[in-house]
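Note that the structure is predicted; figures quoted are calculated from it, not measured.
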Amino acid sequence: MKAVILSGGEGTRLRAISGGLPKPMMPLLGTPLLEHTVALLRENGFDRLCLTLHYQPQMIREHFRDGSAFGVSIEYREEGAPLGTAGAVLNCRDFIGEENVLVISGDSACDFDLAALAAEHRRGVTIALAAQSDPLPYGLVITDRAGNVTGFLEKPAWERVVTDQVSTGIYVLSPDVLRHIPAGQPYDFAKELFPRLLELGVPMRGQVMEGYWCDIGTPRAYYQCNLDTLNGLYHLPGAEEAPRRIIPCRNRARLMRAVGEAMAEFGSDFSDGLTVTFPSGRAHLAPMADQSALFLEGERAAVRKLEASARKLNESL
């Protein structure tokens, strides 16, 4: 499968700590963030990649070359002047051809199931969404109960916030969407293309993703992402994961009840803590006796799903 990584960012808000590095090359636990993104794509079956470049392109080219050392094939498209997010993807149209393509930002860290996102795509645009308790810095996406996009709010003030669903900058596009992007000029997905597609009636769906996502656009967010990685909230692609996870909480019994109620549809077993069987496998969750925390173990995909639900519920209690 094919993917385009938007890798041209300078990271002006990170200049105080970046040392002049392109934003996607900022180190996350010693490894460039962009390298983690390439590994995530490879794990999800995206082995043909096109990187859009603008700021210090040679640094990225020299690190990744043809991609063979990272288990993928990489092409590059450079922009003399910034073309915006949608314009940069249009610049890759010869690479995309007549296939669906996944678009992902090189400026963010995530461990989403991108293969599942691609499998859910039908036509038009599918947008990967994340729930955020503080959505003000992001573009909000309004959907109906079926997941169809009905509106967008770009970085609204609190009095205009009507949802916690934000766009992660990860999209699956059908090839015919590219014809709506004007050539040779800056054009943005969120501010220009998507509102236009909505007016034209082009099918657009939002898919709420499970897992970790963080845009490293500010020093605070960048440091937080590193801390989250150390604390196991962000699962690095290819990394060996501990068979057991610990989730600190204020009230073990109350959180167990909340998780049990949320997981009832999956056929929960309460004979020994909480065991949930998902299509992707089984996971077991139980309160710890010596501290106010839950421990979690099981098959990798199932553990991630149950962990995401437990942590989200813990924040709301």
TODO: Give every residue pair that meets the ring pair (Phe, Tyr, Trp, His ring centres under 6.0 Å) criterion with at least one member in residues 25-52, sequence neighbours excluded.
DONE: none
TODO: Using a strict cut-off of less than 4.0 Å between a Lys/Arg side-chain nitrogen and an Asp/Glu carboxylate oxygen, indicate whether R77 and D94 qualify as a salt bridge.
DONE: yes
Open item on the list: How long is the straight-line distance from CG of L233 back to CZ of R245, given to the nearest 0.5 Å?
Closed with: 8.5 Å
Task: Donor on one side chain, acceptor on other, T85 and D188, under 3.5 Å - done: yes
Task: H121 side chain to S174 side chain, donor-acceptor N/O pair below 3.5 angstrom - done: yes
TODO: Is it possible for you to say whether L28 and L227 belong to one hydrophobic cluster, with membership spreading through side-chain heavy-atom contacts below 4.5 Å?
DONE: no
Task: Spatial distance of atom CZ (R257) from atom CG (L317) [nearest 0.5 Å] - done: 8.5 Å
Task: Atom pair CG/CG of L294 and L274 - distance to nearest 0.5 Å - done: 9.5 Å
TODO: Indicate, with yes or no, if Y171 and L117 share a hydrophobic cluster defined by side-chain heavy-atom contacts under 4.5 Å among Ile, Leu, Val, Met, Phe, Trp and Tyr.
DONE: no
Task: For D134, all residues meeting salt bridge (charged side-chain N to carboxylate O under 4.0 Å, His left out), sequence neighbours excluded - done: none
Task: Under 3.5 Å donor-acceptor, N148 side chain and R205 backbone - done: no
TODO: For D215, enumerate each residue passing the salt bridge (charged side-chain N to carboxylate O under 4.0 Å, His left out) test, keeping only those at least two apart in sequence or located in another chain.
DONE: K23
Open item on the list: Run I60 and M25 through side chain to side chain contact (heavy atoms under 4.5 Å, CB included) and show every step you take.
Closed with: CA-CA 8 Å; I60 296 176; M25 295 299 286; 3.8 Å; yes
Task: CE-CG distance between M59 and L21, expressed to the nearest 0.5 angstrom - done: 5.5 Å
Open item on the list: Could you work out, with ring pair (Phe, Tyr, Trp, His ring centres under 6.0 Å) as the rule, every residue matching H63, not counting sequence neighbours?
Closed with: F70
TODO: Report, as yes or no, whether the 6.0 Å neighbourhood of atom CD on E98 holds more than 12 heavy atoms from other residues, nucleotides or ligands.
DONE: no
TODO: Please check if atom CZ in R123 has more than 12 non-hydrogen atoms from other residues, nucleotides or ligands closer than 6.0 Å.
DONE: no
Open item on the list: Taking the ring centre of each residue, are Y76 and F64 less than 6.0 Å apart?
Closed with: no
Task: Short N-O contact, E99 and R48, less than 4.0 angstrom - done: yes
Open item on the list: I'd like to know if the side chain of S7 reaches the main chain of I5, judged simply by a donor and an acceptor atom lying under 3.5 Å from each other, with no hydrogens or angles considered.
Closed with: yes
TODO: Using modelled atom types only, decide if a donor and an acceptor are shared between the side chain of Y138 and the backbone of Q132 within a distance under 3.5 Å.
DONE: no
TODO: Start with the C-alpha distance between C110 and T168, add both sets of side-chain angles, then the distance that settles side chain to side chain contact (heavy atoms under 4.5 Å, CB included), and finish with yes or no.
DONE: CA-CA 9 Å; C110 83; T168 61; over 6 Å; no
Task: CZ (R252) with more than 12 external heavy atoms under 6.0 Å - done: yes
TODO: Dump the intermediate steps for side chain to side chain contact (heavy atoms under 4.5 Å, CB included) on L173 and N100, then the final yes or no.
DONE: CA-CA 6 Å; L173 309 178; N100 293 337; over 6 Å; no
Task: Lys/Arg N to Asp/Glu carboxylate O, R311 vs E315, below 4.0 Å - done: no
Open item on the list: Quick check: is L49 connected to L34 through a chain of hydrophobic side chains (ILVMFWY, heavy atoms under 4.5 Å apart)?
Closed with: yes
Task: N/O donor-acceptor pair under 3.5 Å between N314 side chain and A310 backbone - done: no
- [ ] Evaluate the side-chain proximity of M1 to L102: yes if any heavy-atom separation is below 4.5 Å, no if none is.
- [x] no
Open item on the list: Is there a side-chain contact between I142 and V149 in this structure, where contact means two heavy atoms from C-beta onward sitting under 4.5 Å apart?
Closed with: no
Open item on the list: For a side chain to side chain contact (heavy atoms under 4.5 Å, CB included) check, start with the C-alpha distance between T277 and D269, then their side-chain angles and the critical distance, and finish with the verdict.
Closed with: CA-CA 9 Å; T277 302; D269 177 3; over 6 Å; no
Open item on the list: I need the F266 CZ to T275 OG1 distance, nearest 0.5 Å.
Closed with: 14.5 Å
Open item on the list: Would the distance check show the side chain of R220 and the main-chain N or O of G217 forming a donor-acceptor pair, the cut-off being under 3.5 Å?
Closed with: no
TODO: Consider only side-chain heavy atoms of I, L, V, M, F, W and Y, link residues closer than 4.5 Å, and tell whether Y187 and V101 are in one cluster.
DONE: yes
Task: Partner set under side chain to side chain contact (heavy atoms under 4.5 Å, CB included) for V161, not counting sequence neighbours - done: P135, L136, L140, P156, W158
Open item on the list: Can you confirm whether L53 sits close enough to R61 that some side-chain heavy atom of one is under 4.5 Å from a side-chain heavy atom of the other?
Closed with: yes
Task: Any donor-acceptor N/O pair, Q56 side chain to G20 backbone, under 3.5 Å - done: yes
TODO: Only counting residues at least two apart or in another chain, list the ones meeting salt bridge (charged side-chain N to carboxylate O under 4.0 Å, His left out) with R196.
DONE: E199
- [ ] Using atom types as modelled and distance alone, determine if a side-chain donor or acceptor of H284 lies under 3.5 Å from a backbone N or O of E297.
- [x] no
TODO: Without swapping roles, check the side chain of K2 against the backbone of F95 for a donor-acceptor pair under 3.5 Å.
DONE: yes
- [ ] Kindly say whether H235 contributes a backbone atom to a donor-acceptor pair with the side chain of D111 at under 3.5 angstrom?
- [x] yes
- [ ] Check whether the side chains of E120 and T126 place a donor and an acceptor atom closer than 3.5 Å, and report yes or no.
- [x] no
Task: From SG (C50) to CD1 (I96), nearest 0.5 Å - done: 7.5 Å
Task: Backbone of C249 reached by a side-chain donor or acceptor of S292 within 3.5 Å - done: yes
Open item on the list: Checking Y212 against F112 for the ring-ring contact (aromatic ring centres under 6.0 Å, His included) test, could you report, in this order, the C-alpha distance in whole Å, the side-chain angles of both residues, the deciding distance, and whether it holds?
Closed with: CA-CA 7 Å; Y212 181 84; F112 293 162; 8.8 Å; no
